[in-house]
2 protein chains.
Amino acid sequence: MTTYIDKINSYIKALDNDTLKALESISSTKNYKKGDLLLRQNEVCGKSYWVLSGIARKYYLNDGKEITTELYFEDDLAVSFESYTLQQPSREFIEALSDVTVSITHYQAFQNAKATHPKLLILDLMLAEYHGIWLENRLFQFHTMSATERYLDILKRSPHIIQSIPLTIIASYLGISLETLSRIRAKI
Amino acid sequence: MTTYIDKINSYIKALDNDTLKALESISSTKNYKKGDLLLRQNEVCGKSYWVLSGIARKYYLNDGKEITTELYFEDDLAVSFESYTLQQPSREFIEALSDVTVSITHYQAFQNAKATHPKLLILDLMLAEYHGIWLENRLFQFHTMSATERYLDILKRSPHIIQSIPLTIIASYLGISLETLSRIRAKI
DNA sequence: TCCATTATTTGACCTTGGTCAAATGTTCTT
DNA sequence: AAGAACATTTGACCAAGGTCAAATAATGGA
C-alpha cells in the first residue's frame, strides 16, 4: 500500500538539485544518546528532527505522569507541531528512546529557504497535511475502538513498536494504564 | 487574545489584489437549508466551504450513531480534511445545522490557482497548520480532561455552541452520551 | 390550540478501564 | 554472581461514563 509518507518521500526525491542543495545546506546531522532530550517542555521548538536511525518519542506530563503522543522511527519527522508552527513554548518533550541520529533543520533557516525555493513550501504543506491526517485518524481510533482493539491494531500494523518500546510508554501512547495493557496482553 | 485564525484572516486581507481576484474568480456563494448535506459519506470532498453565515457540522456514523467531529460557524472552513487532501472517499458527512450561506471553492480550481498565485500556497499551508493545531488540542483535551471539564471548557470559551445546537450533537462532539451530558448539566 | 415529533431528563444497572498495593521478572552494574 | 533499579504482572476494589427504558418537556405544524 502506498501511503502519504511514501508520497512525501518520493516528492523529496523528485526535488530539483538546487532545492535539494538548499535543504541540505541548512541541515546538519547529530547524534543523541538513549534518554537524551531533544526538546524540553516550555522551550520553543526551533528545530525539526528528521530521524535517520533509532527511535524517539514526544510526550507531555499530566500530573506527574508521562503521556506519549507520538513515536518516531526512521524517516519520521519529530517536531512539537504547535510549538514549531507558532514558535511558542512547547508543552511536550521529545526524547530519544534509543541512540538516535537525526538531521536537524532550524525553523528560521527553513522559513528563509522557503522564500527562495518555493518547492520547499510545497514540502512544508505536504508535511502539515500528513500530520493533520495522522491526527484525524488517531482521534478517530480513540473514539471508535476499545483499548483492546487499539492494541491489536498497533500489533498488526506496527509490530516493531511493541518489540522495541517499554510497555509503560506503549500504554500511555494507547491512552490506557500500564496495568490495563498488561491485562490485555495476558488475555491474548 | 489573537488566535491563529485571526492571523489567517489578516493574512487573507493582506493578499494582493491579483491573488484575491483569482481566489474570488474560482469561488461561488451558495445557500443550504437546515438539514441539507453538503457532503455525504463515501463521496470525495471535492470542495471547501467557507461559512459566511449559519452553522454546520461534520460527523460520521459509528454503528448507527452520529459522532460529531467539528462544528462550523461564521468564518470557519468546512472540509473533510483527509478526503479533501487525498481526494479519496470521505468517512464523514457535512450537514447544515441551520440555513447556511457558504463560499464554495473547488479543489482542482484551487490547486490550479496555487500554481499561478504562490500566495495561495501560503494560505493553504496556514489552513493546514491551523487545522493540525486544532486537532492536537482536541486530542490533548480528550486525554487530560474529564467529560465535565470538557463541557465547562466549551461553556466558557464557546457559549454560542451550547445555545444554538441540540444537546445530542454537543454530547457526541464532547465524546459522551446524551444522558451523561444531561447529568453533567443537572449538577451545575 | 392540540397533536405528533423531537429534545431532554431521570432511574437502575452494567462495563471498561483506573488506582493502589504487592508480587515477580529482567537487566544492567560493579 | 549479587544487588539495585526498572519492567511487568496480578489482585482487590473503585469510579466514570455507557446502556436501556421510561418519564417529561418543548416545539413545529395542521
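Letters go in sequence order (proteins before strands), and every chain restarts at 1.
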Inset, instruction - Name the nucleic acid region contacted by B:Leu181, choosing base, sugar-phosphate or nothing; use a 4.0 angstrom heavy-atom cut-off, strictly under. - result: nothing
Inset, instruction - Tell me whether the OP1 or OP2 atom of D:dT19 has a side-chain N or O from B:Lys65 closer than 4.0 Å. - result: yes
Inset, instruction - Among C:dG17, C:dT9, D:dT10, find the nucleotide with the atom closest to the side chain of B:Arg185. - result: C:dT9
Inset, instruction - In whole angstrom, give the distance that lies between atom NZ of A:Lys187 and atom P of D:dT9. - result: 14 Å
Legend entry - Closest to the A:Leu167 side chain, choosing from D:dT9, C:dT19, C:dT9: D:dT9
Legend entry - Shortest non-hydrogen contact from A:Ile162 toward A:Ile170: CA-CD1, 3.8 Å
Inset, instruction - Find the distance B:Ile184:CD1 to C:dT8:P and express it as a whole number of Å. - result: 15 Å
Legend entry - Atom pair CD1 (A:Ile26) and OG1 (A:Thr105), whose distance is rounded to the nearest 0.5 Å: 5.5 Å
Inset, instruction - Map B:Arg183 and B:Thr168 onto DNA chain C by nearest heavy atom, then report which one ends up closer to the 5' terminus. - result: B:Thr168
Legend entry - d(CD1, A:Ile188; C1', D:dT8) in whole Å: 15 Å
Inset, instruction - Check the distance between C:dA7's C1' and B:Lys34's NZ and give it to me in whole angstrom. - result: 11 Å
Legend entry - Between C:dT9 (P) and B:Leu178 (CG): distance, integer Å: 8 Å
Legend entry - Intermediate values then yes/no, side-chain hydrogen bond (donor to acceptor under 3.5 Å, both in side chains), A:Glu129 and B:Thr85: CA-CA 7 Å; A:Glu129 287 176 344; B:Thr85 303; 4.6 Å; no
Inset, instruction - Give the nucleotide from the list C:dC20, D:dG17, C:dG17 with an atom nearest to the side chain of A:Glu179. - result: C:dC20
Inset, instruction - Would you please confirm or rule out a distance under 4.0 Å between OP1 or OP2 of D:dG18 and any side-chain N or O of B:Thr180? - result: yes
Inset, instruction - Would you mind reading off the distance between A:Gln163 atom CD and D:dA7 atom C1', rounded to a whole angstrom? - result: 17 Å
Inset, instruction - Using whole Å, report how far CG of A:Leu174 lies from P of C:dT16. - result: 17 Å
Legend entry - Heavy-atom closest contact (A:Leu178 atom, A:Thr168 atom, distance): CD1-N, 3.8 Å
Inset, instruction - Among the candidates D:dT19, C:dG18, C:dT8, find the nucleotide nearest to the side-chain atoms of B:Ser177. - result: D:dT19
Inset, instruction - Take atom CD1 of B:Ile176 and atom P of C:dT15, then tell me their distance rounded to the nearest Å. - result: 21 Å
Legend entry - Test of ring centre spacing under 6.0 Å for B:Tyr72 and B:Tyr49: no
